[in-house]
Amino acid sequence: MLKAIDLQKTYDTGAVKTPALRGVSLTIAAGDFVAVMGPSGCGKSTLMNILGCLDRPTAGRYQVDGRETAALGDRELSRLRNRKFGFIFQAFNLLPRYTCLENVMLPLVYRRDQPAGVRQRAADLLRQVGLGERLHARARELSGGQQQRVAIARALINDPEVIFADEPTGNLDSASSGEIMALITGLNRQGKTIVMVTHDPEVAKRAAAIIRMQDGRIIGRESC
Amino acid sequence: MGRRLREIGRGALASKLFSLLMASGIFISILALTLITAISAGTRQEIYQTMKGFGFGADAVLLYSGGGRLFSHRRSAPNITPGDLAAIRRLPFVRRLSPRLLRAETVTSGRRQAKTYLYGVTTAFTAVNDWHPASGHFFTTCDLQRRRKVCLLGRTVAAALFPGQPAPLGETVRIRDLFFTVIGVMETKGRSRRYDMDDRVIIPLSTAAHLLFQEKNVLSVKIVVDDPEKMARYQQELRRLLRRRHRLGAAIPDDFRLITAGTIAGIVNRATNELGTMLLRIMAISLLVSGIIITNITLAGISERTREFGIRRAVGASRGDIIVQVLGETVLVSLAGGLAGLLAGALLCGLLRHYTELPVILTWQPCWLTLLLATGTGLLAALPPAVKAGRLSPREAIQ
């Protein structure tokens, strides 16, 4: 489903050019649960941003369902992020003033068609992640674990095929981490493709495959 | 669409201080603009009404004693001689002429008295000014020749001296030590803010000249010509005639003034045009300042909201969506500020009209224009920040 061929990414910060990816090729099939591991600065987040169409590679090709992303415009990429992908970030990235329900429904703002019963669906998703009692609480009033669960519900609102999770447990205590990972694993069992970046071996163990990176290159892919 | 509009509304309300700052610039601009436009429109109308009140047609030219500025407040001694009048009357294009002597006088009747203006005129007065007695009759050529002590009262004077008597015909009034018989009351002409047309007493010119003022010259003459199209040429001829008769050398300025409806209209137009360009400048500057404020505030807001835009981009907002969001918020705030300014301006106009004598006319046409300007300013001012916000890469924005 996702296919990267010789991806390269160089950050151009004025005088210094920092290479973050030095030729990464990988394929992720539908239903995969892949964990990307490696020390910080190895390029794993960069890779995930490119795979999630949050960023473009400096060189190399990246195909989603066989379509070259280089040929897609901003509008089409935005549509991909809106409909096909869901994101879970280390820092949760909710709108703090918005309620849980509003945060979950945010992706609907950028969807042209409005399927019926979206509000109900948002509420159901929040119930599924265990926040049925806090639909109208503001995001900033929630604990880290609760915020991450709202983020998961938000990632699911448009029923995407791929969930990108960038250090989803990085800011959480071990109890919350366990709950979040249970949710993510459950999603994979329901058929969602999961691409997860982490440096925690315990978290990575949940994945079906682990891709190890170092210095902008993939140094190994192993199945668990 | 509805959801997007709601997002824009929420965005505009999210930072109330920023929004208030943005709106207040527009608010003040539009408020000032509304007030100035209303006052200038009112002033213009008042000037035109005053002109109309004077009965100043396109075919009339007013010859006034004394040189200098057109509407000099300095009272000049009458210097238009009977010889001048005769010479003007002989000009082929002059159809009618109404000379006049004018002085402030106190008129009494019994215990009542009125400080008013005494006009010595000829029988030509009624036709030239299209102003006739409402009751009684005007004096005749016979009255004029025999210097009879008869008078016509303006409505204001009549009301002051003879309250409750709509037509005090046959009554006697005293001017200085002479007694005049009231033979008529003039039609009501109305008043402008400074000037009451009905505050006057009209007597025969000869009576005024010989019995009251001992003055053989007249203060002013209203001349009606045959063809208003040729007014400019006639004016030149009149000027040449008078300069010759008054023996004015080449270096000596006119000791008289010639006023036509055209010159008055010219002055009014020049004044209102000047006001208009001044207005435009004020408007441009204040809107420019508002625009700069908006641009900077929006820029500041965007650096604060980088993360928010990043989140929106990640969940599927396109570049265009972000631009529309920022523009929409600013336009909403500008429009709100503009509307508030317009309302406050209208309110102030109402108060001014009620409590002061300032001429104020609120017209709706400039209102739409001002709202359009407010929105346009907001749109233009927010464009650079909006584009900047749209350019943020979602990856950078989220980190």
Please give me the minimum heavy-atom distance between [X] and [Y], naming the atom from each residue.
X: B:Ala314; Y: A:Phe89; answer: CB-CZ, 4.0 Å
X: A:Tyr110; Y: B:Gly316; answer: CB-O, 3.6 Å
X: A:Ser78; Y: B:Ala317; answer: OG-O, 3.4 Å

Distance check, rounded to the nearest 0.5 Å: [X] atom [atom1] versus [Y] atom [atom2]?
X: B:Glu308; Y: A:Asn93; atom1: CD; atom2: CG; value: 11.5 Å
X: B:Ser393; Y: A:Leu54; atom1: OG; atom2: CG; value: 8.0 Å
X: A:Glu76; Y: B:Ser318; atom1: CD; atom2: OG; value: 10.5 Å

Measure the shortest side-chain to side-chain distance between B:Arg395 and A:Thr46 over non-hydrogen atoms and say whether it is less than 4.5 angstrom.
-> no
Could you point out which residue of A:Leu106, A:Asn103, A:Leu94 forms a side-chain contact (heavy atoms from CB on, under 4.5 Å) with B:Ile311?
-> A:Leu106
Under 4.5 Å to a heavy atom of chain B? For A:Tyr98 that would be both
Contacting region of A:Arg56 [heavy-atom separation from chain B under 4.5 Å] | neither
Do the side chain of B:Arg3 and the main chain of A:Leu108 share a donor and acceptor less than 3.5 angstrom apart?
-> no
With the threshold set at 4.0 Å, does a side-chain nitrogen-carboxylate oxygen contact exist between B:Arg313 and A:Asp74?
-> yes
Below 4.5 Å from any heavy atom of chain A, which atoms of B:Arg307 appear? Answer side chain, backbone, both or neither.
-> side chain
